[in-house]
Amino acid sequence: MSYKPSEQESKWKKYWSDNKVYKVTNDIDKPKYYVLSMFPYPSGAGLHVGHPLGYIAADIFARWKRQSGFNVLHPMGYDAFGLPAEQYAIQKGVHPAESTAENTAKYRAQLDNIGFNYDWDRSVNTSDPAYYKWTQWIFLEIYNHYYDYKAKTSKPISELITLFAEDGNINATASGSQEDIFTAEDWSAFSAKQKDDILMNYRLAYRKTGYVNWCEALGTVLANDEIQNGVSERGGHPVEKRAMMQWSFRTTAFAERLLKDLEEVEWSDALKAMQTNWIGKSQGAQLFFDIVDHDEKIEVFTTRPDTIYGATYMVLAPEHDLVSKIATKEQKAEIEEYLEYTNSRSERERISEVKEVTGAFTGAYAMNPISGEKIPVWIGEYVLKDYGTGAIMAVPSDDERDHNFANKYGLTITPVVDQSNYPNADRGDKVGTMINSGFLDGMKVKDAIKAAITKMVEMGIGQRKINYKLRDANFSRQRYWGEPFPIKYDNEGVSYALDQSELPLELPMVTDFKPTTDGNSPLNRATEWVNRDGYTMETNTMPGYAGSSWYFLRYMDPNNTEAFASKKALDYWQDVDLYIGGTEHAVGHLLYSRFVHKFLFDKGLVPTKEPFKKLVNQGMIQGVIESLYLNKENGEFYSEELVENEDNFAKINTHVDFVTNYSTTDSHLSSEGIKQFMSFRPDFMKATFRSSKGIMKNGVVEGCSEEDFKFVTVSEVGKMSKRYHNVVNPDDVVVRYGADCFRMYEMFLGPIEQSKPWDTKGIDGVYKFLKKFWGLYDDEIQGWLITDTEATAEQMKITHTCIKKVNDDIARFSFNTGVSAMMICVNKLRKLNTTSKDALEPLVRLIAPFAPFVAEELWHRLGNESSVHHAQFPIHEEKYLVEASKEYPICFNGKKKMMLNIASDLSQDEVIDFVKSNEDVKALLGETVIRKVIVVPGRMVNLVV
RNA sequence: GCCAAUGUGGUGGAAUUGGUAGACACGACGGACUCAAAAUCCGUUGCUAGCAAUAGUGUGAGGGUUCGAGUCCCUCCAUUGGUACCA
């Protein structure tokens with residue numbers, strides 16, 4: 001019979017499910033292997049063709065490991081809390097719980113369609129109270145601990161309280177932001193609120209003032225991502241910074257361990273570099289500057305204490321606490337105006353602006369503690385509140401941005417490093433000789449850094465310090481659809497943890513998901529839930545990464561009601577051996593997971609320091625984003641060919657379904673497409689669409705016929721996402737070609753790490769391959785072909801070459817070349833009319849991880865009773881691969897000139913003699929003399945002439 | 001701006017450790033089968049010149065190291081991801 005994927009696939013899907021073929025037990029006899037794909041956020045758009053790329057790779061790897069004798073854990077679940085569900089609720093009035101349930105069901109069906117070997121009995125959902133009970137439990141554990149930087153471990157906060165009662169905080173070795181020293185007497189005299197505030201300065205999960213992007217018009221907090229050019233992406237409303245009490249994780253306490261333990265994991269150098277740079281360790285000095293006529297000091301961190309004599313002014317972050325205190329009467333108006341400006345700027349805008357720096361003078365002066373000079377104190381947006389101390393000593397001679405700033409505002413620039421011996425050095429490079437710098441004059445920069453710190457310590461104005469770019473992770477969201485904090489407050493505002501017996505603290509039902517008018521979280525609307533027993537509940541919710549920071553542990557023991565996972569399960573499964581997911585999570589998710597995991601390790605709750613041993617980043621399958629140019633001045637749409645200066649235009653995204661010749665250079669909207677666009681974006685119902693062909697207004701075309709009208713759209717490669725309306729559903733591909741073909745095609749597209757735009761151009765080739773593969777075993781006319789005849793040496797060599805290559809390729813995650821090796825093998829065996837079972841049977845087991853359905857069908861037809869997915873994966877036998885001779889390229893100076901057949905058993909010298917004495921080589925050489933011969937065994941021969 | 005990745009035929013890509021550039025596939029072209037089409041099968045296909053053998057050239061651009069560079073180093077350009085409340 002012929003290859004019929006649709007019939008065979010539904011049959012085996014049922015068989016696998018009925019027979020629990022993919023059931024995983026905590027089986028201690030076999031070696032374990034844990035393969036994990038980053039779980040998806042179930043968005044309303046459904047799973048798109050980009051998601052399965054990494055899932056298929058993980059699935060193939062997991063199947064290969066199981067067939068190779070491992071007990072493989074390969075689970076899947078849903079990261080189900082998040083912003084999109086909430087926005088959908090605001091727009092459409094559907095409760096997030098409802099839309100999330102719908103979406104997860106849809107995802108499940110789509111995943112099942114692709115034939116993954118998940119044990120669904122182990123699935124998790126972060127928005128399920130049975131799951132988030134443990135997210136809340138972990139939060140409380142973190143809340144109830146502090147970090148002892150001397151012992152380098154997390155310890156119960158109760159121990160710190162005991163210490164305070166006995167000894168105050170003078171000898172505490174706890175990481176934190178507590179600045180004032182207090183005694184045991186002070187401690188016992190403090191009110192409950194004061195004690196709570198002090199403990200917050202030490203807890204690993206704590207509250208502090210943070211800034212959010214508040215959009216008054218939309219009545220909500222916005223992510224940086226939702227802001228474009230300083231206004232909200234939706235509607236273009238103004239956005240301002242607003243201070244609010246925010247929960248944070250004290251990730252900075254773990255900075256050194258997060259950095260150092262990267263050495264232990266098998267991640268790509270690129271990914272480690274990203275994490276390393278994110279943590280951003282730098283060594284330097286902490287310095288204090290006196291302010292003229294004020295008691296306060298300005299604390300700065302600098303990596304260049306050697307340049308202290310060049311510090312001719314200071315810059316504070318606009319949000320710095322001292323700004324309002326030190327600004328003079330004369331400068332107040334200017335400062336306020338400037339603050340208004342920075343308040344409207346996103347952090348990203350503030351950092352990326354390098355050429356055009358801005359600032360304002362506070363009117364106050366500080367004293368340079370070394371040179372003794374009086375220097376002006378400015379504020380400037382390029383200094384960030386959360387980085388370092390939120391203040392810098394500006395050295396315009398040796399820092400690019402300081403230099404631009406000083407030039408713009410006419411501030412003094414004193415050169416302190418002579419770089420004339422280093423013509424290629426940039427401003428700020430740590431090379432050169434100190435000048436104009438008192439006791440540092442004549443020193444090399446590196447020596448001057450050390451000497452300056454020594455001096456500063458002596459003078460008592462500063463000390464050596466290590467600074468991290470890493471900030472404590474903001475853990476609060478003024479949103480509805482997230483885990484509630486298991487925290488309550490009394491009337492004094494003192495925080496209390498809920499008792500474990502009160503967990504899970506379930507999210508209350510509300511119908512309005514917007515924050516209340518004062519900007520407080522939507523949970524404030526659930527007044528009964530908020531006020532209980534004289535206490536007020538915390539109404540912020542946890543961020544998206546709360547649930548995803550530990551889900552990999554829950555899969556080990558997903559239904560445990562006594563613990564997040566049993567010790568037995570944790571001891572068996574240990575950690576994730578292979579983690580596959582996108583680079584977009586390179587810092588966020590991976591860093592938070594590592595933080596939580598390390599905390600649990602400190603508590604002895606997990607057996608390993610790091611959660612993910614090996615990590616592979618799959619590339620993104622991108623979509624093409626199609627948009628229309630909108631003239632900002634007259635509000636009319638312009639076809640691409642009419643646009644000369646892009647700056648005058650905004651890009652309005654359109655659904656790709658309306659676009660003719662989508663994703664080509666000729667992508668455009670026809671008059672019909674424009675009509676679809678107008679009903680898709682009713683706010684543009686009355687808009688005018690100009691193109692070189694004609695004008696379309698109110699749905700009527702002028703200047704040409706309706707058929708001729710053509711409005712060219714802008715095509716850009718980018719994320720495949722609902723927000724860009726360019727999602728391609730894998731189901732459509734599976735219906736047409738089958739899951740096996742879809743799986744192999746996604747693998748065949750290219751290297752797993754590489755991003756590429758989705759297109760189906762080559763899928764026919766993979767489909768043809770599967771038909772040919774099937775045709776080796778079963779022919780439409782001749783029927784079943786497999787015989788017991790002995791395979792020829794040539795046939796066995798082909799099969800075993802392929803087995804070797806596929807094993808190698810899976811092991812190094814090169815799935816595309818694995819598929820191509822199988823194609824080569826099938827083409828060759830077909831040419832030889834191979835029917836021998838010896839040569840063909842191993843190939844069924846070989847293809848099983850890639851094409852599980854067709855493999856299962858053929859496996860059973862070959863007379864096997866159990867599933868091919870538990871059959872031994874083939875291993876090549878060396879005896880079939882030996883070759884007597886090989887074609888060698890003969891190169892002159894590295895350029896290939898001819899081929900020579902050389903016996904494999906010749907020594908290097910024999911090869912040289914053989915080549916030199918060859919008549920064709922002599923003829924090619926003519927008069928030229930061979931100076932040297934290089935033989936690369938198995939590769940090539942190079943004659944240097 | 002900063003951090004990271006990527007750039008090879010008309011297209012997706014291969015070349016695993018510095019050793020035959022373009023495997024495998026798509027597309028295109030030519031042919032077989034057919035009344036015809038689809039499907040299938042066979043052949044050609046980096047570019048330039050040539051009837052051809054062949055020669056030259058060729059891995060984003062420019063330089064360098066090497067017997068030999070897609071691969072290593074330097075500078076630059078373009079694209080993509082991240083940039084702390086999208087997940």
Side-chain angles (χ1 to χ4, degrees), chain A residues 38-41 43 79 81-84 87 210 212-213 221-226 246 251 268-271 273-278 280 347-355 382 386 400-401 469-474 476-479 482 543-545 548 582-589 591-592 617 619-620 622 716-719 721 723 745 748-751 753-757 759-766 768-769 771 808-809 812 814 816-817 819-824 827 887-896 899 931-936 938-945:
Chain A
M38 288 183 186
F39 63 169
Y41 173 80
S43 88
D79 185 15
F81 272 134
L83 189 55
Q87 279 185 339
V212 296
N213 302 307
V221 175
L222 296 180
N224 282 340
D225 208 50
E226 298 172 285
Q246 307 270 299
T251 41
S268 69
D269 290 341
L271 192 63
M274 275 192 260
Q275 289 236 338
T276 303
N277 295 331
W278 182 262
E347 190 173 281
R348 203 171 304 169
E349 285 172 320
R350 286 174 52 173
I351 312 169
S352 47
E353 199 78 78
V354 159
K355 294 202 175 86
Y382 74 103
D386 289 325
E400 196 60 45
R401 276 183 303 187
K469 200 153 68 192
L470 181 75
R471 312 201 290 246
D472 281 348
N474 183 344
S476 272
R477 300 293 182 264
Q478 285 73 45
R479 309 278 193 182
Y545 64 81
S548 62
T583 30
E584 67 272 24
H585 300 289
V587 281
H589 161 64
L591 202 84
Y592 301 134
N617 277 129
M620 233 186 230
Q622 292 154 317
E716 293 165 296
V717 171
K719 273 190 181 182
S721 157
R723 61 189 292 191
Y745 179 61
F748 189 62
L749 267 178
E753 306 90 352
Q754 206 164 294
S755 293
K756 50 239 152 188
D759 84 75
T760 50
K761 265 189 228 139
I763 199 165
D764 284 331
V766 176
K768 272 189 225 166
F769 159 73
K771 278 199 281 190
D808 284 356
D809 284 346
R812 68 188 178 101
S814 181
N816 57 331
T817 53
V819 174
S820 117
M822 287 190 264
M823 287 175 168
I824 294 168
N827 287 342
E887 285 283 307
Y888 271 71
I890 309 300
C891 305
F892 288 21
N893 291 337
K895 288 214 163 198
K896 184 180 71 176
M899 299 295 285
R931 287 196 290 155
K932 197 176 167 188
V933 182
I934 292 160
V935 179
V936 184
R939 291 282 189 179
M940 50 89 75
V941 178
N942 191 25
L943 308 177
V944 186
V945 294

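Residue numbers begin at 1 in each chain, while the letters A, B, ... track the order of the sequences.
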Using the side-chain hydrogen bond (donor to acceptor under 3.5 Å, both in side chains) criterion, which residues pair with A:D809? Sequence neighbours excluded. A:K805, A:R812, A:T817
Under the rule for side chain to side chain contact (heavy atoms under 4.5 Å, CB included), what residues qualify as partners of A:L83, not counting sequence neighbours? A:Q87, A:E226, A:R479
If we take the C1' atom in both B:rG10 and B:rC76, what is their distance in whole Å? 28 Å
I'd like the P distance from B:rG31 over to B:rA49, given in whole Å. 24 Å
For nucleotides 9-11 of chain B, tabulate all protein N/O to nucleotide N/O atom pairs closer than 3.5 Å, reporting atom names and distance.
residue, atom, partner, partner atom, Å
B:rU11, O2', A:K761, NZ, 3.4

Looking across every strand, which nucleic acid part, if any, lies under 4.0 Å from A:G82 by heavy atom: base, sugar-phosphate, or nothing? sugar-phosphate
I'd like to know if A:Q478 reaches the base of B:rC85 with its side chain such that a donor and an acceptor end up less than 3.5 angstrom apart. yes
The side chain to side chain contact (heavy atoms under 4.5 Å, CB included) partners of A:Y41 (sequence neighbours excluded) come to A:S43, A:P84, A:A85
Between B:rG12, B:rA87, B:rA84, which nucleotide gets closest to the side-chain atoms of A:P84? B:rA87
By side-chain hydrogen bond (donor to acceptor under 3.5 Å, both in side chains), A:N827 pairs with (sequence neighbours left out) A:K772
Rounded distance in Å between the P positions of B:rC29 and B:rU83: 46 Å
Minimum-distance nucleotide (side-chain atoms of A:V221 versus B:rC85, B:rU80, B:rC67): B:rC85
Can you list the residues that meet the side chain to side chain contact (heavy atoms under 4.5 Å, CB included) rule with A:K768, with sequence neighbours excluded? none
Under the 3.5 Å rule, do the base of B:rC85 and the side chain of A:R479 count as making a donor-acceptor pair? yes
Report, one pair per line, the protein and nucleotides 39-48 of chain B atoms (nitrogen or oxygen only) whose separation is under 3.5 Å.
residue, atom, partner, partner atom, Å
B:rC41, OP1, A:R830, NH2, 3.3

Does A:I824 or A:G750 map to a spot on RNA chain B nearer the 5' end, using the closest nucleotide for each? A:G750
Side chain of A:A270 (C-beta onward), nearest among B:rA87, B:rA14, B:rA5: B:rA5
Provide the distance between the two C1' atoms, one in B:rG60 and one in B:rA78, to the nearest whole Å. 7 Å
When the C1' atoms of B:rA25 and B:rU45 are considered, how many whole Å apart are they? 14 Å
So which heavy atom on A:A586 is nearest to which on A:M274, and how close? CB-SD, 3.9 Å
Find the distance A:L591:CG to B:rA87:P and express it as a whole number of Å. 17 Å
Run the side-chain hydrogen bond (donor to acceptor under 3.5 Å, both in side chains) test against A:D808 and tell me which residues pass, sequence neighbours left out. none
Quick one, give me the B/S/- string for nucleotides 72-79 of chain B, reading 5' to 3', where B means a protein heavy atom under 4.0 Å from the base and S means that only happens at the primed atoms, P, OP1 or OP2. --------
Quiz question: going by heavy-atom distance under 3.5 Å, is there a donor-acceptor pair between the base of B:rC3 and the side chain of A:Q275? no
Under 4.0 Å between any heavy atoms, over every strand shown, what does A:N617 touch: base, sugar-phosphate, or nothing? Just pick one. nothing
B:rC24 phosphate, OP1 or OP2, under 4.0 Å from A:N827 side-chain N/O: no
So do the side chains of A:T251 and A:L591 get within less than 4.5 Å of each other, counting heavy atoms only? no
Pick the P atom in B:rU71 and in B:rA21, then give their distance to the nearest Å. 14 Å
Once you round it to whole Å, what is the distance between P of B:rA87 and NE2 of A:H585? 10 Å
What's the closest nucleotide to the A:W278 side chain, out of B:rC3, B:rC67, B:rA84? B:rA84
Nucleotide of B:rA4, B:rA87, B:rG82 approaching A:K719 most closely (side-chain heavy atoms): B:rG82
With rounding to the closest Å, how many angstrom separate the P atoms on B:rU16 and B:rG22? 13 Å
With a non-hydrogen cut-off below 4.0 angstrom, is A:S476 in contact with a base, only sugar-phosphate, or nothing? base
Length of the CZ-P vector between A:F748 and B:rG13, whole Å: 11 Å
For A:Q246, is there any backbone N or O sitting under 3.5 Å from a side-chain donor or acceptor partner on A:S476? no
Side-chain N or O of A:Q754 closer than 4.0 Å to phosphate OP1/OP2 of B:rG13: yes
Looking only at atom C1', what distance separates B:rA4 and B:rG9, rounded to whole Å? 29 Å
For A:H589 and B:rC86, give me the distance from atom NE2 to atom P, rounded to whole Å. 16 Å
Can you check each nucleotide of nucleotides 15-22 of chain B against protein heavy atoms at under 4.0 Å and return B for base, S for sugar-phosphate only, - for none, in 5' to 3' order? SB--BB--
Could you tell me which residues satisfy side-chain hydrogen bond (donor to acceptor under 3.5 Å, both in side chains) with A:Q275, sequence neighbours excluded, listed by chain and number? A:R594
If you write RNA chain B from 5' to 3' in dot-bracket form, with Watson-Crick or G-U pairs under 3.5 Å, [ ] for crossing pairs and | for pairs with another strand, what do you get? (((((((..(((......[....)))((((((.......))))))((((....))))..(((((..]....))))))))))))....
So which nucleotide from B:rA25, B:rC67, B:rC85 ends up closest to the side chain of A:M823? B:rA25
Tell me what A:P40 touches on the nucleic acid: a base, only sugar-phosphate, or nothing, going by heavy atoms under 4.0 Å. nothing
Could you check whether any side-chain N or O of A:Y382 sits under 3.5 Å from a backbone N or O of A:R350, counting only pairs where one atom can act as donor and the other as acceptor? no
Given 3.5 Å as the limit, does a donor-acceptor pair link the side chain of A:K756 with the main chain of A:P751, or not? yes
